[in-house]
Amino acid sequence: KFDCSFDVKFSTYAVPMITGEIKRYLRDQGMIKVSRSLKEINAKAYRVHEALFAESGREPGLEEIAEKIAVTREELVMAMEAGAQIESLQKMIYQGDGSGIVLEDKIEELIFEKTKDGFFSIEEKVQIVQEIYGSIRGFGILDSILSDDNVTEVMINGPDNIFIEKNGTLTKLNRKFESQRRLEDIIQRIVGLAGREVNQANPIVDTRLPDGSRVNVVLPPIALCGPTVTIRKFSKEPMTIDKLISYGSLTQEIADKLECLVKAKYNIFISGGTGSGKTTFLNALSNYIPKTERVITIEDSAELQITGIENLVSMETRNANAAGAGAITIRDLIKSSLRMRPERIVVGEVRGGEALDMLQAMNTGHDGSLSTGHANSTHDMLSRLETMVLQGADGLPLEAIRQQIASAVDVIVHLSRLRDHSRKTMEITEVLGYRDGEIQLNPLYVFEEDENSTLEKVSGSLVRTKNPLVNDYKLKLAGVKKVI
C-alpha cells in the first residue's frame, strides 16, 4: 500500500519496483545481462583502438589491443561479442522497429497491475509510465523536464539537486535521481549520442542533445557535489527575426536594416553576457543569408539551426581521446574551412586564439561572416578580442591587432539580460576603423528605458542616434540605396 506523498511514492517505491519488473521481463525475453567486467573491457578496447589508429594511421590487430589493456585475446573476443549483442539490443529497443511499442505496453500493464490497490490518479500513473519508459530508452526523469517547452535551462548538481529556469525564474525541483550511478548512466547515454567521451581521466565535456540543446558535464572528483550537468535548451522551432520582434527585442524597422547589412555582407559580431541570447540572435540573423550561398558553420558543439540553405556545411570540434590524441579545435576547423570555398563563415562563439584565424578569414575575402563572444559592452568586446588574439599569437604588437579587428569587424550587436530577466538588444554599433591608437566606434542604435520602466519590469526600446552609417560602401556594392 502507498500511504505517502506522490513524490516519495514515485522515487522510493514505484520506480525501483517497476524497474525491477521490467528488468525481469527483458531477461525473460532472452535479453541477457552482460557482466560489468566485459563492458569495461569493451570500453577500454574501443579507446585503445582509437588511440592506436590515431598514432599509426593503420587498423590495429586484436593481439595488439589485448596486450595494451592487459587481457587475453579470448577475453577481448568475448567482450566484443557481448558488446555487439548489447548494441543489437539497443537498436531493437531505441530505433523503433516496433519493440518500443511492445515495451511501453508492457510497462503500462505492469504499472496498472502493481498500483491497483494504491491511491494513484490517472495522471500519476501516466507520469510513472513515461518515467520508466524514459529510463530505458531515454534520459529518465530528464525526459519529462525537457519536454516542457517553458523550461529553458536545466542544472543538475549531483543526484539530489535539480534546478530549472522556467519563464526566466530559477527554481529547485522536488525530484531527484534514484542514485548517483543512475545519473552517471544517463550522462554516458547523452555523451555517447554525440560521439563524445567523459570519464575520470577526461571529466569535463561539452556536447549536445539530439535536438541541438547544449550540454556541459563535469564529473567527480572535479565536481565535489557529484556529477554536474548543465543543459541549455533550444526551441524546437528555429528562432526567427519575427519572433524577436514579438518578444520586444527588436522593431521591424531595425530588423529590415539588419537584413540589408547581412545581405550586403557586412561582418557582424554579436556580443553579450551569459544567457543574453547570443546564439538565439545569431540563429535569427542567419535567416537573412541568401539561400544560394555556400555557408560553413563552426562550433564547439553544434547548436545553430540554420534553415533553407542547401549548400550548408556544419562542423564541430572534437576532444582528445584517452591517449591525448585526435583533438580537433576551432582553429583547425577555421583553417580547414578556408579551403572549402566558403562564401560565409559562421563561428558559433570565439573564446581563445581562434579569434586571430577568424579575423584573418574576414580580412581575406570572406565577407558576411558572423560570430559571437562574451562581453559586457561593445568596448569590452573589442578588448576581449585583443586578448583572445594575443592568446593565439602573443608576439603580435597591440597596434597590429587593433588594426586587424578594425578592418575585419563592421558591426557589433550587443545583447543583455536585464533585471527583470528579459533579453534585449542594447546597442548596434558600427566599427569605423583605427585612429590615434584606438578603434573608433559609431553607435547607431542604443537602448533607452522609458517612463513605464520600474524596478520589477523594464520598458524601453532601441533609439536611433544622430550618427549616420559611415562605411556604406558594401551597401552600394550590393545595390542597396536605403539610408541606415
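Residues Val313 and Thr297 form no side-chain contact, since every pair of their non-hydrogen atoms from C-beta on lies 4.5 Å or further apart. Contact of the Ile334 side chain with the Met358 side chain is registered, since non-hydrogen atoms from C-beta on lie closer than 4.5 Å.
Checked by atom type, the side-chain pair Ser276/Ser416 shows no donor-acceptor distance below 3.5 Å. Residues Thr329 and Asp332 bring a donor and an acceptor atom of their side chains to less than 3.5 Å of each other. Side-chain polar atoms of Asp242 and Thr240 form no donor-acceptor pair below 3.5 angstrom. Residues Asp300 and Thr317 have side chains that bring a donor and an acceptor to within less than 3.5 angstrom of each other.
The minimum heavy-atom distance linking Ile401 with Glu386 is given by the pair CG2-CA, 4.0 Å. Shown here for Glu354 and Arg351, the closest heavy-atom pair between the two residues is OE2-N, 2.6 Å. His414 and Ser377 get closest at one heavy-atom pair: CE1-N, 3.3 Å. Summarising the geometry of Leu338 relative to Ala361, their closest heavy-atom pair is CD2-CB, 3.7 Å, with the distance given to 0.1 Å. Asn283 approaches Ser286 most closely through the heavy-atom pair O-OG, 2.6 Å. The two residues Leu312 and Ile306 have their closest heavy-atom pair at CD2-O, 4.0 Å.
Salt bridge status for Glu449 with Arg419: present, with a side-chain N to carboxylate O gap under 4.0 Å. Salt-bridge annotation for Arg189 and Asp185: absent, with no side-chain N of the basic residue lying under 4.0 Å from a carboxylate O of the acidic one. Between Arg196 and Glu316 there is a salt bridge, since at least one side-chain N of the basic residue sits less than 4.0 Å from a carboxylate O of the acidic one.
Each of Ile145, Val154, Ile156 was checked for a side chain to side chain contact (heavy atoms under 4.5 Å, CB included) with Leu173, and the lone residue meeting it is Ile145.
Between the Ser371 side chain and the Glu349 main chain, no donor and acceptor come within less than 3.5 Å of each other. Between the side chain of Thr228 and the main chain of Gly226, a donor-acceptor pair closer than 3.5 Å is present. In terms of modelled atom types and a separation under 3.5 Å, the side chain of Gln188 and the main chain of Val198 share a donor-acceptor contact. Between the side chain of Ser453 and the backbone N or O of Ser459, at least one donor-acceptor pair lies under 3.5 Å. Checked by atom type and distance alone, the side chain of Ser246 pairs as donor or acceptor with a backbone atom of Lys243 at under 3.5 Å.
Heavy-atom contacts from other residues, nucleotides or ligands closer than 6.0 Å to CD of Glu67 number 12 or fewer. Atom NE2 of His374 sits in a crowded spot, with more than 12 heavy atoms from other residues, nucleotides or ligands closer than 6.0 Å.
Listed by first then second residue, pairs satisfying salt bridge (Lys or Arg N to Asp or Glu O under 4.0 Å) with a partner in residues 150-174 read Asp148-Lys166, Glu153-Arg232, Glu165-Arg417, Glu165-Arg423, not counting sequence neighbours.
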